[in-house]
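Here the structure is laid out as structure tokens; the discussion comes afterwards.
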Amino acid sequence: MLQIQLIRENPQQVIDRLKVKNFNAENIIHEISQLDVEIRASKKLLDDNLMAQNQYSKEIGQLFREGKTAEANELKAKIVDLKLAEKKYQEILLQKAEEIQGKLVLLPNLPHSSVPHGKGAEDNEIVYTEGDASDFDHQVMTHWDLVKKFDIIDFDLGSKITGAGFPVYKGKGARLQRALINFFLENATENGYTEIQPPYLVNEDSAYATGQLPDKEGQMYYCAIDNLYLIPTAEVPVTNMYRDVILKESDFPVKNCAYSACFRREAGSYGKDVRGLNRLHQFDKVEIVTIEHPDRSYETLEKMKTYAMSLLTQLGLPFRVLRLCGGDISFTSALTYDLEVYSKAQQRWLEVSSVSNARDYQARRGQMFRLIV
RNA sequence: GGAGAGAUGGCCGAGUGGUCGAAGGCGCACGCCUGGAAAGUGUGUAGAUGCCAAAAGUGUCUCAAGGGUUCGAAUCCCUUUCUCUCCGCCA
């Protein structure tokens with residue numbers, strides 16, 4: 001969520017920046033500014049009212065101690081009127097606060113100045129390429145044929161036990177999967193990331209705080225009886241460790257990595273996108289999260305990008321790095337790099353990693369408008 | 001699942017209706033003392049947010065969370081969450 005102070009002080013700047021994301025904020029910013037003024041005025045009225053009540057209450061206590069019951073009762077009568085007014089102010093304030101909150105959450109994060117203009121994937125900027133993707137002239141097999149040939153990943157067996165999108169890794173397939181997880185975790189640890197083993201189910205508060213709710217409700221598996229959600233990424237539990245936590249400046253940077261199985265319903269996916277391992281309901285991922293001082297956030301993003309690239313280099317995979325354009329970047333991100341590896345068999349680039357800077361937008365998400373008393 | 005006890009500042013811990021945003025201690029910061037340090041000693045030490053151009057100042061809110069009683073709640077009542085103890089259940 002964007003800070004109200006930012007909108008208060010630089011409304012035009014916010015509008016201009018959001019244009020890069022093809023978001024027309026003109027009207028909504030105007031409405032928010034208007035509400036902000038009204039809220040602060042109402043808040044003043046309410047505070048003054050409460051101050052008067054507090055003062056009278058103190059006097060009443062004093063009078064009772066002195067035995068002046070009659071005078072105390074007079075003051076009590078005054079407070080009755082104040083209370084009526086208070087209730088009215090409270091209602092107005094609550095209503096306006098809800099209104100402004102409802103508008104603030106509609107605003108995406110401001111994109112960084114380096115984010116290219118554009119509508120979709122075709123406008124993303126290729127910032128780096130490594131390795132030669134056209135290297136394989138020999139006959140290539142798709143991974144779904146390969147794993148069948150060697151019997152290391154069994155999609156049919158997964159369908160039998162659970163359903164489509166839940167593969168069974170067998171023998172060397174299971175070992176390869178475990179080795180890759182280990183490879184990523186070991187590298188992360190060597191690079192200063194503290195390993196976390198998070199819960200795979202999270203409560204409603206956590207799902208809201210990292211933005212899965214209410215947007216992606218239908219995309220998460222849900223245990224109704226306990227009101228818990230299966231995590232779509234380790235980002236959810238790991239980031240939520242810091243929910244409602246105020247870090248000291250000396251705590252920076254906080255660096256965590258976590259392996260988890262990830263669960264996604266992927267409702268609406270179809271066709272070749274879901275062949276083989278391309279899109280699964282359960283898959284494995286190693287996540288890295290850094291919480292850093294605002295002054296160093298972009299510098300840190302570059303470091304994380306470079307770190308992710310080094311993993312692909314170590315694995316010897318040809319890859320490229322994209323800077324996502326305004327139309328393709330996510331709602332909460334200010335700057336995102338996607339790392340893509342080329343699949344000769346599928347003849348397309350496949351996203352294997354994505355690094356984003358959410359700045360303070362994520363940190364302020366779930367922080368409600370704090371004018372309500 | 002049942003019964004009981006509890007949740008107070010960075011930490012420990014007092015506080016059962018007003019003078020309590022909260023004793024005391026620890027920790028921390030600054031000063032005194034000292035050649036320097038320790039010990040001793042003095043002072044200070046929560047956060048969010050509003051008003052004000054800003055500072056100074058000042059208002060409001062916060063004693064797990066939410067609601068209620070009252071002129072007034074850390075304190076009384078209700079609900080929820082979490083922790084501990086006992087009983088039950090446990091693929």
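Below, each value reflects all heavy atoms present in this structure, side chains not excepted, and no hydrogens, waters or symmetry copies. So you know, we letter chains A, B, ... as the sequences are listed, proteins then strands, and number each from 1.
B:C30 and B:A37 have their P atoms separated by 12 Å, given to the nearest Å. Across B:A3 and B:G88, the matching P atoms stand 15 Å from one another, rounded to whole Å. Taking atom C1' on both B:C12 and B:G27, the two are 10 Å apart, rounded to the nearest angstrom. With P as the reference atom, B:U8 and B:A23 are 16 Å apart, rounded to whole Å. The P atoms of B:C76 and B:A7 are separated by 11 Å, rounded to the nearest whole Å. For the P atoms, the distance linking B:A29 with B:G67 amounts to 40 Å, nearest Å. Using atom C1' as the reference point in both B:G47 and B:A22, the two lie 15 Å apart (nearest Å). Across B:A65 and B:A54, the matching C1' atoms stand 37 Å from one another, rounded to whole Å.
When each of A:Q53 and A:Q62 is assigned the nucleotide of RNA chain B with its nearest heavy atom, A:Q62 is the one assigned upstream, toward the 5' end. Where A:M51 and A:K44 each meet RNA chain B at their nearest nucleotide, the meeting point lying more 5' is that of A:K44.
Residue A:I60 contributes atom CD1, which lies 16 Å from atom C1' of B:U19 at whole-angstrom precision. Going from atom CD of A:Q5 over to atom C1' of B:G50 covers 11 Å, rounded to whole Å. Note: CZ (A:F64) to P (B:U19) measures 15 Å, nearest angstrom. Here B:C71 presents its C1' atom at 14 Å from CD of A:Q55, a figure rounded to the nearest Å. Between A:L82 atom CG and B:U70 atom P the separation is 17 Å, expressed in whole Å. Rounded to an integer number of Å, the gap from CG of A:D47 to C1' of B:G50 is 6 Å. The CD1-P distance, from A:I79 to B:U69, rounds to 15 Å in whole Å. A:K43 has its NZ atom 15 Å from the P atom of B:C52, to the nearest Å.
In this structure, A:Y259 and A:Y200 have perpendicular ring planes: the angle between them is above 60°, well past the 30° mark. Note on ring orientation: taking the six-membered ring where Trp is involved, the planes of A:Y128 and A:F319 are tilted (angle from 30° to 60°).
Using a 4.5 Å cut-off on side-chain heavy atoms (C-beta onward), A:L315 and A:V341 make no contact.
Remark: A:N54 is in phosphate contact with B:C61, judged by side-chain N or O atoms under 4.0 Å from OP1 or OP2. Side-chain nitrogen and oxygen atoms of A:R65 include none within less than 4.0 Å of the OP1 or OP2 phosphate oxygen of B:U19.
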Per-nucleotide pairing state of RNA chain B [Watson-Crick or G-U, under 3.5 Å; [ ] pseudoknot-crossing; | other strand]: ((((((((.[[[..)..(.....]]]((((((.......))))))((((((.....)))))).[[[[[..)....]]]]])))))))....
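Electrostatic pairing of A:K160 and A:D156 does not count as a salt bridge here, judged by no charged N lying under 4.0 Å from a carboxylate O. Electrostatic pairing of A:E302 and A:K305 counts as a salt bridge here, judged by a charged N lying under 4.0 Å from a carboxylate O.
Closest to the side chain of A:R40, out of B:G72, B:U60, B:C51, is B:C51.
Among the heavy atoms of the strands, none lies under 4.0 Å from A:D48. Heavy atoms of A:L75 sit nowhere under 4.0 angstrom from any nucleic acid atom. Across all strands shown, A:K83 has heavy atoms under 4.0 Å from sugar-phosphate atoms exclusively, and none from any base.
Screening A:M1, A:Q3, A:E99 for a side-chain contact (heavy atoms from CB on, under 4.5 Å) involving A:L104 leaves a single residue, A:M1. When A:N124, A:N109, A:D338, A:T336 are each tested for a side-chain contact (heavy atoms from CB on, under 4.5 Å) with A:I329, only one passes: A:T336.
Applying the side-chain hydrogen bond (donor to acceptor under 3.5 Å, both in side chains) definition to pairs two or more places apart or across chains, none involves residues 190-199 of chain A.
Sparse packing is recorded around CD of A:Q347, with 12 or fewer heavy atoms of other residues, nucleotides or ligands lying under 6.0 Å away.
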